[in-house]
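Working notes for the structure below.
Keep in mind that the numbers below use all heavy atoms, side chains included, and drop hydrogens, waters and symmetry copies. All residue numbers in this chain count up from 1 along the given sequence.
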Amino acid sequence: MSQFLLQTIWMVPLYPLIGMILTIPWSPGIIRRTGPRPSGYVNVVTTFLAFLHGLFVLPAIWNQPPYQLFIPWLQVANLDLTLPLEISTVTVGATVVITGLNLLAQIFAIGYLEMDWGWARFFALVAFFEAGMCGLVLCNSLFFSYAILELLTLGTYLLVGFWFNQSLVITGARDAFLTKRVGDLFLLMGVLAIYPLSQTWNFTDLAEWASTAQIDPKLAALLGLALIAGPLGKCAQFPLHLWLDEAMEGPLPATILRNSVVVATGAWVLVKLQPVLALSPVTESAMFIVGGATAIGASLISIAQIDIKRALSYLVSAYMGIVFIAVAAGQPQIALLLTFTYALSMALLVMGIGGVVWNNITQDLTKYGGLWSRRPVSGFAFIIGAIGLISLPPLGGFWSMQQLVEKLWVSYPFMAGLVLTVNAIVAFSLTRTFGLVFAGQVKPMTYRSPEIHWPMALPMVILSGLNLHVPLILLQWHKLPSLETINLTVALSLIVSSLAGFAVSGLIYLNNNWQKPVQLSWKPLQDFFAYDLYTAKLYKLTIVFVVDLVSRVMYAIDRYLVDGLVNLTGIATVFSGQTLKYNVSGKGQFYILSILLGVSLLIILVSWPFLSQMLIVSK
């Protein structure tokens with residue numbers, strides 16, 4: 001049985017696609033008597049089947065060498081577009097994580113969207129995302145990975161614009177789509193440029209080619225920068241990070257997936273391309289700069305946010321920045337480990353704050369307070385997610401971050417210090433959010449705030465237990481260092497940075513005597529972080545201004561030059577026609593005379609240079 005499931009592992013992306021197709025009758029309201037709810041249950045079942053398929057295959061392929069399946073598609077001349085699939089412990093495990101989190105998010109959505117009539121559309125889009133992500137992790141081709149990323153970008157647009165009758169939602173969906181398209185355009189350039197050099201798009205073959213490739217450093221730099229542009233947009237890195245903030249306008253169950261595994265699709269492609277990116281020191285430096293700037297900047301911005309969803313969304317960018325640093329340092333395995341521990345913790349954090357938003361209406365952190373006595377399950381879930389995200393033992397975030405900092409400690413000490421600083425800021429931000437929501441005095445918006453009902457509590461409790469068991473999972477995977485080999489200096493540095501962030505933030509936000517919201521003495525600095533380092537205004541003064549100016553110039557050329565010439569020709573034609581109609585008399589001799597005059601005029605015009613020369617000679 002396990003062998004059959006292993007041979008058919010390529011079917012995992014098909015389960016959610018089948019669920020999406022079965023949802024169609026409910027989407028346009030063809031089936032009216034039952035309402036839209038069965039569409040959600042159908043997708044939950046198909047996702048559960050996909051999860052079980054991957055879960056049963058995982059033990060069968062454990063510690064086995066990876067192998068490839070090839071699905072022929074198109075062969076034209078020297079271009080072979082065969083779809084290669086890599087079946088390995090990592091790829092199958094990734095499908096289990098994706099389908100498992102998607103299953104929990106769908107169950108959460110059954111409670112969160114209880115009164116929403118857009119069930120069929122929502123669950124169909126979530127299934128579309130699940131199929132795309134499972135296909136991406138199994139796909140071993142850069143070309144097909146790019147195609148899947150494009151489909152996921154379309155899915156982002158549709159999910160963010162789910163409540164399309166609201167103007168802010170439409171604006172957010174549009175901005176998210178266009179921002180991602182910028183990175184995708186450069187990635188497409190890299191995809192097309194690498195094929196003539198390597199004669200392959202297969203990730204395995206690209207790694208072998210990169211190990212012996214000798215190409216011009218400038219070409220390698222341009223190629224690497226183009227290839228990281230796509231993941232830069234997908235992972236919401238500076239300066240293409242604003243789309244994730246805009247995407248918060250979508251339904252929160254979709255945010256669970258987007259903030260945990262959807263943003264990690266860019267990191268997955270980045271890890272796959274790491275051997276190629278290592279060909280250029282310029283590319284590695286660019287990843288260090290982008291990842292470091294995003295990690296520091298986004299974590300600082302999160303502290304200044306008063307929207308509870310946006311306070312978490314900027315932490316997503318910060319952690320993806322750390323993944324960029326790991327790949328730049330030549331540690332793709334640690335980058336995958338970071339992505340795994342991060343995804344579980346962030347999904348739990350979003351579920352925790354989602355339950356709070358669900359029955360408190362507002363997302364304004366300043367209007368929360370005193371929920372610990374009313375929402376203990378949500379509070380404990382938030383604490384577990386927070387500890388799992390930062391570097392505090394014994395949960396998973398500590399072990400993955402410890403391995404990264406230990407590698408950076410020797411080769412890149414500055415980046416190691418930066419990661420420690422980000423860890424402290426993230427601890428400060430999460431404690432701030434916890435203090436504003438669960439601590440302090442009860443406020444009017446939180447006076448009546450009962451605990452969430454079971455469809456939302458069940459996935460949150462399951463995910464809490466999973467986060468608590470991450471160290472055991474890592475131990476089973478042999479990813480935990482032994483006590484003899486662990487660097488105590490690094491471990492203590494991480495623990496101190498986490499506790500320092502907790503302590504400083506707790507002193508402020510867990511202290512009822514400290515007036516809140518906290519105002520900095522120098523307001524411009526606070527506004528600088530609250531308004532996202534004025535990135536949006538910078539866009540308007542630079543990119544938007546240039547695009548607007550070029551658009552106006554092109555409009556003027558089209559309106560007054562192109563259209564002007566066409567309109568002038570038309571007016572001249574109409575005028576000449578109107579003039580000539582008065583010459584119509586019906587007499588043949590008059591027509592012959594007109595033709596002769598016209599021919600004579602034409603002959604004079606054609607022979608005018610010759611006649612002018614004769615006049616000059618005669619003089």
Open item on the list: Under a 3.5 Å distance rule, please check whether T294 uses its side chain to pair with a backbone N or O of G291 as donor and acceptor.
Closed with: no

TODO: List the steps and the verdict of side chain to side chain contact (heavy atoms under 4.5 Å, CB included) for M346 and L315.
DONE: CA-CA 9 Å; M346 182 55 69; L315 296 184; 4.3 Å; yes

- [ ] State, yes or no, whether a side-chain contact exists between F398 and P471 at a heavy-atom distance under 4.5 Å.
- [x] no

Open item on the list: Using only atom types and a distance under 3.5 Å, with no angle test, would you say the side chain of S260 pairs donor to acceptor with the backbone of I256?
Closed with: yes

- [ ] For the residue pair W399 and I486, establish whether any side-chain heavy-atom pair is separated by less than 4.5 Å.
- [x] yes

- [ ] Return the minimal non-hydrogen interatomic distance between V504 and F428, and the atom names on each side.
- [x] CG1-CE1, 3.7 Å

Open item on the list: Please find the pair of heavy atoms, one from N259 and one from S313, that lie closest to each other, and give the distance.
Closed with: ND2-CA, 4.2 Å

TODO: Please answer whether the main-chain N or O of T362 pairs with a side-chain N or O of Y368 as donor and acceptor at a distance below 3.5 Å.
DONE: yes

TODO: With rounding to the nearest 0.5 Å, note down the distance linking OG in S391 to CE in M401.
DONE: 4.0 Å

- [ ] Could you tell me whether a side-chain N or O of W372 sits under 3.5 Å from a main-chain N or O of G435, the two making a donor and an acceptor?
- [x] no

Open item on the list: Tell me if a side-chain donor or acceptor on Q403 pairs with a main-chain N or O of K479 at a distance below 3.5 Å.
Closed with: yes

Can you give each donor-acceptor pair under 3.5 Å made by side-chain atoms of residues 457-468, sequence neighbours left out, with the distance rounded to 0.1 Å?
| unit_1 | atom_1 | unit_2 | atom_2 | d |
| --- | --- | --- | --- | --- |
| S464 | OG | M460 | O | 2.8 |
| N467 | OD1 | S345 | N | 3.4 |
| N467 | OD1 | S345 | OG | 3.2 |
| N467 | ND2 | L344 | O | 3.3 |
| N467 | ND2 | L463 | O | 2.8 |

TODO: Quick one: pull up OG1 in T421 and CE in M415 and give me the separation to the nearest 0.5 Å.
DONE: 10.5 Å

TODO: Assign the ring pair Y412 / F288 to parallel, tilted or perpendicular, where the plane angle (0 to 90°) is split at 30° and 60°.
DONE: tilted

Task: Distance in Å, Q402 CD paired with I495 CD1, rounded so as to fall on 0.5 Å steps - done: 9.5 Å

- [ ] For the residue pair R37 and W26, establish whether any side-chain heavy-atom pair is separated by less than 4.5 Å.
- [x] no

Open item on the list: Just verifying a value: how many Å separate I353 CD1 and Q363 CD, rounded to the nearest 0.5 Å?
Closed with: 7.5 Å

Task: Side-chain heavy-atom pair M456, M351 within 4.5 angstrom cut-off - done: no

Open item on the list: How close do S302 and S429 get, counting heavy atoms only, and between which atoms?
Closed with: OG-OG, 3.1 Å

Task: Chi angles and distances behind the side-chain hydrogen bond (donor to acceptor under 3.5 Å, both in side chains) call for T255, R258 - done: CA-CA 5 Å; T255 304; R258 182 171 51 252; 2.9 Å; yes

Open item on the list: If you apply the rule side chain to side chain contact (heavy atoms under 4.5 Å, CB included), what do you find for L395 with V470, and how did you get there?
Closed with: CA-CA 7 Å; L395 298 190; V470 166; over 6 Å; no

Open item on the list: Take a 6.0 Å sphere around NZ of K309 and say whether it holds more than 12 heavy atoms from other residues, nucleotides or ligands.
Closed with: yes

Task: Check: R375 side chain, G355 main-chain N or O, donor-acceptor pair, under 3.5 Å - done: yes

Open item on the list: Using 0.5 Å steps for rounding, measure from the CZ atom of F129 to the CG atom of L136.
Closed with: 11.5 Å

TODO: Report the residues that fulfil salt bridge (charged side-chain N to carboxylate O under 4.0 Å, His left out) with R121, sequence neighbours left out, ordered by chain and then residue number.
DONE: none

- [ ] Determine yes or no for a side-chain-to-main-chain donor-acceptor pair under 3.5 angstrom, with S299 supplying the side chain and V426 the backbone.
- [x] no

- [ ] Might you point out which heavy atoms bring G54 and V92 nearest each other, and give the distance in Å?
- [x] O-CG1, 3.6 Å

Open item on the list: Over 60° means perpendicular and under 30° means parallel, so tell me whether W358 and H453 are parallel, tilted or perpendicular.
Closed with: parallel

Open item on the list: Looking at every heavy atom in both L252 and F108, which two are closest together, and how far apart are they?
Closed with: CD2-CE2, 3.9 Å

Open item on the list: Ignoring hydrogens, what is the shortest heavy-atom contact between P16 and T46? Give both atom names and the distance.
Closed with: CA-OG1, 4.4 Å

TODO: Indicate yes or no: at least one non-hydrogen side-chain atom of L158 is less than 4.5 angstrom from one of F128.
DONE: no

TODO: Let me know which of F122, F123, W119 forms a ring pair (Phe, Tyr, Trp, His ring centres under 6.0 Å) with F162.
DONE: F122

Task: Close side-chain approach of T153 and K234, heavy atoms under 4.5 Å - done: yes

TODO: Using the six-membered ring wherever Trp is involved, compare the ring planes of Y319 and Y342 and label them parallel, tilted or perpendicular (cut-offs 30° and 60°).
DONE: parallel

- [ ] Measure the spacing between CZ of R432 and CD1 of I425 and express it to the nearest 0.5 Å.
- [x] 13.5 Å

- [ ] Mark yes or no for whether T265, through its side chain, and V261, through its backbone, hold a donor-acceptor pair below 3.5 Å.
- [x] no

- [ ] Ignoring hydrogens and angles, state whether a donor on the side chain of E130 or N102 is under 3.5 Å from an acceptor on the partner side chain.
- [x] yes

Open item on the list: Is it the case that atom OH in Y157 sees more than 12 heavy atoms from other parts of the structure closer than 6.0 Å?
Closed with: no

Open item on the list: For a 4.5 angstrom cut-off between non-hydrogen side-chain atoms, does Y15 reach T47?
Closed with: no

Open item on the list: Using side-chain heavy atoms (C-beta onward) and a distance below 4.5 Å, is L152 in contact with V262?
Closed with: no

Open item on the list: When you measure from the side chain of W409 to the backbone of A416, do you find a donor-acceptor pair of N or O atoms at a distance under 3.5 Å?
Closed with: no

- [ ] Not counting sequence neighbours, list each pair that qualifies as a side-chain hydrogen bond (donor to acceptor under 3.5 Å, both in side chains) and has a residue in residues 331-341.
- [x] T341-S400

Open item on the list: Please determine whether the number of non-hydrogen atoms from other residues, nucleotides or ligands lying under 6.0 Å from atom CZ of F164 exceeds 12.
Closed with: no

Open item on the list: Before you tell me yes or no, could you show the steps for L430 and L312 under side chain to side chain contact (heavy atoms under 4.5 Å, CB included), namely the whole-Å CA-CA distance, both residues' side-chain angles and the distance that decides it to 0.1 Å?
Closed with: CA-CA 8 Å; L430 291 174; L312 287 182; 4.0 Å; yes

Open item on the list: So does T366 get a backbone contact from the side chain of K443, meaning a donor-acceptor N/O pair under 3.5 Å?
Closed with: yes

Task: side chain to side chain contact (heavy atoms under 4.5 Å, CB included) between T431 and Y509, intermediate numbers included - done: CA-CA 7 Å; T431 307; Y509 293 101; 5.7 Å; no

